[in-house]
There are 2 protein chains.
Amino acid sequence: MNKATVTSEDVARAAKVSQSAVSRTFTPGASVSLETRQKVLKAASELGYRPNALARAMISGRSGLIALLVAYLDNHWYPVVLEKLSRRLQNEGYQILMFLTDPGNQDQVVRQILQYQVEGIVMASATLSSKLARECSKTGIPVVLFNRYVQSSPASSVTSDNIEGGRILAKFLVDGGHERIAFISGQENSSTNRDREAGFYKGLAECGVTAWGRAVGDNCVEGAERATHELFSGDERPDALFVANDHMAFTVMDVLKSAYSCRIPRDVSVVGYDDVPEATWHGYQLTTISQPTDAMVESTASILLEQIEQKEVKRRAAVLPVELVIRKSARLPKKKN
Amino acid sequence: MNKATVTSEDVARAAKVSQSAVSRTFTPGASVSLETRQKVLKAASELGYRPNALARAMISGRSGLIALLVAYLDNHWYPVVLEKLSRRLQNEGYQILMFLTDPGNQDQVVRQILQYQVEGIVMASATLSSKLARECSKTGIPVVLFNRYVQSSPASSVTSDNIEGGRILAKFLVDGGHERIAFISGQENSSTNRDREAGFYKGLAECGVTAWGRAVGDNCVEGAERATHELFSGDERPDALFVANDHMAFTVMDVLKSAYSCRIPRDVSVVGYDDVPEATWHGYQLTTISQPTDAMVESTASILLEQIEQKEVKRRAAVLPVELVIRKSARLPKKKN
DNA sequence: TTTTTCTTTGCATTCGTATGCAAAACTAAT
DNA sequence: ATTAGTTTTGCATACGAATGCAAAGAAAAA
C-alpha cells in the first residue's frame, strides 16, 4: 500500500527540517545550506517525492504551461512545426498543452485553456476570433499566431513572406514561358492563402500577364481534386498551376497524371508552397517555396518567451524571407537574367 | 487597467453571496438555488471570471490532464493518431499535455509529467523504461503504451496484430510467386518491429520459404536508403521487399526507381505497413497492412478512461485485427485460393 | 571577546477553489 | 401555527508549495 502522494511536508518530517527547507531545496537559487539540502534530497528520493507543479503554479503564478492550438495535421508541414516548436519550448522549461480545434469550437477551447492559467498561446493553423484575442490580451496572456495574422487583433504573428513567395512563383512561371497560368487556392479566408494569391497576381501583373484561371481547393484532398477537374475539364487547359500549398499540390499532380494523362512538367507545370518533406519524393519533385520553418519556430518561441518574461504584451509581427526551391515539377526559365 | 485575475471571491462579493456559492455554481450537480446561480453567473460574466483549473485540481485531486508522449512525427501515421486521440480525449473533457521525447530524455520527461499530476499517460512511439513504468504504476497513474508493449511492464498496451500482419504479407508475397523476399526493418528494438518481422518469418516458414535477405532501415530516410542499397548492390537482387512501415517504404521505392531503375511491381514488389494517407498516392500505390487506427485510438482512450475512473490499474493488452490493403506496388497472387 | 555582517532556518501566510458541517431558509404537512 | 422535512447557504478548512519576515546561527571583523 503506497501513500498516493508524498508532500513536501512528508519529506520535511523525514528529513527533520521545515517544509520551507524542502521547498527551498527544490527552488533554484534559494537559500539552503549544503547540509540540509542533502538531508532533504535523501529523504525525498527515499520517499519518492515529486514537487506538485500545480501547487507551485498557484503560489508562484507561473504555470509553466503554453497552449498550442492546431486545427488539423493533414498538411505535413504542421507536424514538422509542431515537433520543432514543442522541442524548443520544452527546452525552455515549458510544457505544451495541446488542443486540436474544430472551426466551430475554438472560442470554447480557448476559454478552457485560460482556465489552466497558461502563460502563452500559440495558434497554428487555427484562427482566433478577434473578440477572444482581445480577451486574451486583456488578461495579459501573450498570443502568437503562427503562419497567419489578423490585422485587427492585438496578437503577435509570425509568418513567412507569403506575398513575396507568390510573386516569386509568378515570375518563375512566366519566365518559364507559360501562357495559361492558373491558381488553386487553399482556404480562402486564411491570411496565408490570401497573401500568396495576392502576391501571385502582383507578380503576374508585373510581367504584364493575367491569371488564366482560378479554383478553390480548400486545403483538402477532395477540394484539390475538384479544383483540378474544374480547371482541366474544358477545351483549353492551363499550362501551369500554382497550388497554394504542397499538400494539395500532390493531390493535384496525381489527378493530372491519372485522370488527364498529363506529363509534368512537359504538359503542365505545377508549383506548390511550403516545401514539406514529401516534395523531394521521386514521383513529385515539386518546385515550391520553402518556408523558413526553423526561423519561424525560433521567432515564435522568442517572441512568446519575451512577452511572457516582460509581462508586457506588445504586438509584434515577424515576416520571414522565403526561398524558391527548384525541382522538376515545373519547366525552367529559358535563360537566366 | 484590468485586474489580472478575477477570483471566485471577487465574483462572490459582486453577487453578494459567499465564495462557496460561486464555486457551487460552477460545479455540476452542486446545490444552488436558481436565484443565486443567476446572480453569480451575471456577476461572473460581468467580471470575466474563469475558474482556475489549477486550484480546482489541487483541491479535487483531478487535474483533467492526460500526458501524451511522442518521439517523432516523421512517420505520418503518428500525426493521424495524435489528432484522433487528442480529439477523443478532449471530447471527454481532458486536456492533452504533449511531450516530444528524445531517446535519452524520456525518464526525465516522465518525471516532469508526473509533477503536473496528470491523470493518465499515453506513450506513442516512445518507450518507457520499465523502471519508470513501475514508478508510474506505483503512483496509481495509468499508462497505456500505444503501438508498442513491454512484457515486463505493468503498463497497458494497445497494438495491432503485428505478427498476423507480417504473416499475411509473407503469404501474399509468396503467393505472388516471389522467390527472393527480403525484409527491411525499422528500429530493431521496438516491439512493433520485432513482431512484424517475426510474423513475417513465420508466414514464410509456413509456406516453406526462407527470407532471402534482411537490412536495417532504422525508421529514417537515410537508414532506408542505406538498407536498400545494401540489398540491391549485389549481383543478385531481391524480387520482393517487405518494409517495416510505409514511411520507409516510400523512400525505398524512390531509391529503387531512381538508383536502380526498377519498375514496381514488375521488377520488384514492395509492401509496407501502416497504410498512411500517402500510400494511396499515384506514384506509390502501396500495398500495405492497414492498422485499425480508429479502433486503436478508441481502445486506448477507453482503457485509459476506465482506469482513471476506476482508480484501479489493471494491466490490459488490446491487440486489434489488421487488414491487407492491396494496391499496385506488389505483384498479385496468380490465382485465388 | 564583542560586534557586525552574512547566511540559514522556521513560522506563518498565501494562492483560488472545493467541500463537510451546521445554521438558516424555505416547503410541506399536521 | 407548529413541527418535520428538505434545500440552500455560509463558515471554516483543506489542497501543496512558495515566500516575506524575523529569529537563529555562523562567519568575519573589530
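So that the names make sense, note that chain A is the first sequence line, chain B the second, and so on, each numbered from 1. All values reported here derive from a predicted model rather than from experimental measurement.
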message: Base of D:dA17, side chain of A:E9 - is there a donor-acceptor contact under 3.5 Å?
response: no
Parallel, tilted or perpendicular, as decided by the 30° and 60° cut-offs, for the rings of B:Y78 and B:Y72: perpendicular
- prompt: Is A:T7 side chain donor-acceptor paired with the D:dC15 base, going by distance under 3.5 Å alone?
  reply: no
query: Are any of the side-chain nitrogens in A:R88 or A:E92 under 4.0 Å away from the carboxylate oxygens of its partner?
result: yes
- prompt: Considering heavy-atom distances to DNA chain D, does B:I59 or B:E35 have its closest nucleotide positioned more toward the 5' end?
  reply: B:E35
message: Less than 4.0 angstrom between a side-chain N/O of A:T5 and OP1 or OP2 of D:dG16, yes or no?
response: yes
message: Rounded to whole Å, please give me the gap between NZ in B:K39 and C1' in D:dT8.
response: 11 Å
- line: note: A:M58, atom CE; C:dA18, atom C1'; distance rounded to Å ~ 12 Å
- prompt: Just how far, in rounded Å, is P of D:dG10 from NZ of B:K16?
  reply: 13 Å
query: Taking only N and O in the side chain of A:S23, is any of them less than 4.0 Å away from OP1 or OP2 of D:dA17?
result: no
message: Classify B:V17 by what it touches in the nucleic acid, base, sugar-phosphate, or nothing, heavy-atom distance under 4.0 Å.
response: sugar-phosphate
Closest nucleotide among C:dA18, D:dC11, D:dA18 to the B:S18 side chain: D:dC11
- prompt: Taking atom types as they are modelled, is there a donor-acceptor pair under 3.5 Å from the base of C:dC15 to the side chain of A:S60?
  reply: no
field: Distance, rounded to the nearest Å, where B:Y49 contributes OH and C:dA18 contributes C1'
entry: 10 Å
message: Check whether B:Q117 reaches the backbone of B:R62 with its side chain - one donor and one acceptor, N or O, closer than 3.5 Å.
response: no
statement: Closest to the 5' end of DNA chain D, once B:R37 and B:Q117 are matched to their nearest nucleotides, is B:R37
- prompt: Do any N or O atoms from the side chain of B:S191 and from the backbone of B:Y149 form a donor-acceptor pair under 3.5 angstrom?
  reply: yes
- prompt: B:L34 CG to C:dT27 P: how many Å, rounded?
  reply: 13 Å
query: Across the strands shown, which category fits A:S31 at heavy-atom distances under 4.0 angstrom: base, sugar-phosphate, nothing?
result: base
query: B:V32 near the nucleic acid: base, sugar-phosphate alone, or nothing, with a heavy-atom cut-off under 4.0 Å?
result: sugar-phosphate
message: With nearest nucleotide decided by heavy atoms, which residue, B:N52 or B:R24, maps closer to the 5′ end of DNA chain C?
response: B:N52
task: State which of C:dT8, C:dT19, C:dC11 makes the closest approach to the side chain of B:S20.
output: C:dT19
- prompt: So, is B:S8 close to the C:dT17 phosphate, meaning a side-chain N or O under 4.0 Å from OP1 or OP2?
  reply: yes
- request: Please state how far atom CZ in A:R13 lies from atom C1' in D:dG16, giving the value in whole angstrom units.
  value: 13 Å
- prompt: Rounded to the Å, how far apart are B:Q19 CD and C:dC15 C1'?
  reply: 12 Å
query: Hey, is A:R13 close enough to A:E9 for a salt bridge, meaning N to O under 4.0 Å?
result: no
query: Could you state the CZ-C1' distance from B:R56 to D:dA14, rounded to the nearest angstrom?
result: 17 Å
- prompt: Is a side-chain donor or acceptor of A:R87 paired with a backbone partner of B:T101 at a separation under 3.5 angstrom?
  reply: yes
